[in-house]
Amino acid sequence: MGWLSSLFGGNEMDELERVIRDAPAPSAFLRLAHLHMEQGNASKALEVARKGMERFDSADLRACLVDAERVSHLAEADQIKTKIERFPNPTLYARLATIYLEQGDLDACTRTCAIAVKAFPDYAGIYLVMAQVSRKQHMQDKVIHYLEKATEMDAYNYAAHMMLAEELVALQQKGEARERLHMILRFAPDDERVMQLLSDLEADMSSAASPAADSEQASGLSSNEQKTEAHKSEEPTRHLKLSSPDETEVEKNKTIEGIMKPITSLEGVEAGLLVDRSGLIVACRSIPKNFDEELAAAVVSNVCRAVEQSAGDLGIGDFLEASVEGDAVTLQIMPVNDMVLAAFATPAVRAGRLQRAMHGCVQELAAS
Amino acid sequence: MQQILQKVNRIVGVRGSLIVDREGFVVASDMSDRCSPQTLAALGASVASSLASALSRLDRGTFERFVVTGTGGSVVLFFIGHGTYLVTLLNTNAMLGMVLVELKEAASALQEILSL
């Protein structure tokens, strides 16, 4: 009977898609989303409900959207748990914890973070999630503590610096907030959001400043600048160590680097990096001396973020790949699941061969 | 400049092109497409400034070209000189190799104009 209902369901879905195309109505979106849910396709149901909500703000569609989001998140959480069993990796823990957080299950989120911190103590990304949970629990001291820890471990973590700046503004510690925003500009120059926040902050501070406060502020600024300089010189030599207490996990991490070998063994390739969306290094291979892999990772994630933010408006669809050419470098970037694979090479590299090697690697990583 | 952009837009698969400076201001544009020149300019300026600064700090020379490909098209960014970039939006049917050759020529022509 399953195939029969699927057949009838399929016909009805075709008809509903036609209705949505020709004469869209909230009921058609709602019914189509429900049919997708019944067939276990939560992500498709979510897509239909979102499209419906864009056109019609109906209470039924909103409820359907919430439901589809919940089911889709649960399905994703199950998939991540399976992946963690086979292939433990800190970004998976962070994603799982984020899903629990989005679902409002703060206990499960906290438990997942605790496991992740124990298994991967050097991964800054999990501290960011812990800060987000603490914010939900209104524990501001902890929020600041975790964010400081995250930025200390990863000086190029955009999201952590940004959240810390916002928290500091809320605490009226505007000088420190400004310092954090300037730190972001060091690796994401001209970032629109940061520039806007800085300009708001400056305006706010100058309007609030009295002559006495001005002198205080001036001395505060110089001390902040000194701190920034000091921070620059003692910037943590952050390196995401994927090693965990368990030797099998170390083996698995070696496997990621093994998957990247066809890229880094190509003539002209200097370095291969696997980076998560916040710019943290998940794996790296063949990094030459004096190559700042953290900065490279931050650039890669910045480029991805800029592209993904504009891709919809530009009508270029989902981001597939990007390449950068300079007079002394070729950089190839490809998204893979919730991460980004990047290869830095000299201009002498055969672009076609590099691209093929990257595609192969992306497929293997996606399958793993 | 406008003539060069019009010539660029006659290449098969090109949806529109513009020249943007490093601040994100549109210097010239010829966008036949529905897409807003400001969105394209913002992407161009943001990526260009980020890459130029990072490549310099990584001691990897200067930035010349950036190509991003999506499921529905591509964006190509060429450094022209004097802090300006030629940004071109392409369809999926564009022959990227050929387009890049043509764009390189257009970038050289624009560079000459800007040097005057």
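Keep in mind it's a predicted model, so treat the numbers as computed, not measured. Residue numbers start from 1 in every chain, and the chains themselves are labelled A, B, ... in the order their sequence lines are given, proteins ahead of strands.
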What's the spacing between [X] [atom1] and [Y] [atom2] if we round to 0.5 Å?
X      : Y      : atom1 : atom2 : answer
A:T330 : B:R65  : OG1   : CZ    : 8.5 Å
B:L51  : A:E325 : CG    : CD    : 12.0 Å
B:L43  : A:I316 : CG    : CD1   : 7.0 Å

Please flag which part of A:A311 lies under 4.5 Å from any non-hydrogen atom of chain B: side chain, backbone, both or neither.
neither

For A:N302, is it the side chain, the backbone, both or neither that has a heavy atom under 4.5 Å from a heavy atom of chain B?
side chain

Identify which part of [X] has an atom lying under 4.5 Å from any heavy atom of chain A, answering side chain, backbone, both or neither.
X     : answer
B:L55 : side chain
B:S74 : backbone
B:T39 : both

Above 12 or not: heavy atoms from other molecules or residues under 6.0 Å from CD of B:Q3?
no

I'd like to know whether CG of B:D59 has more than 12 heavy-atom contacts from other residues, nucleotides or ligands below 6.0 angstrom.
no

Options B:T92, B:V68, B:V47, ranked by heavy-atom pairs under 4.5 Å with chain A, top entry:
B:V68

Only pairs of heavy atoms separated by less than 4.5 Å count here; which of B:S49, B:A42, B:G70 has the most with chain A?
B:G70

Top residue by heavy-atom pair count (under 4.5 Å) with chain B, among A:V307, A:I333, A:D327?
A:D327

Restricting to non-hydrogen atoms, name the atom on B:S46 and the atom on A:A306 that form the minimum distance, rounded to 0.1 Å.
OG-CB, 3.7 Å

Closest non-hydrogen atom pair between B:R60 and A:V329, with its separation:
O-CG1, 3.7 Å

Quiz question: by atom type and distance under 3.5 Å, do the side chains of A:D318 and B:T71 form a donor-acceptor pair?
no

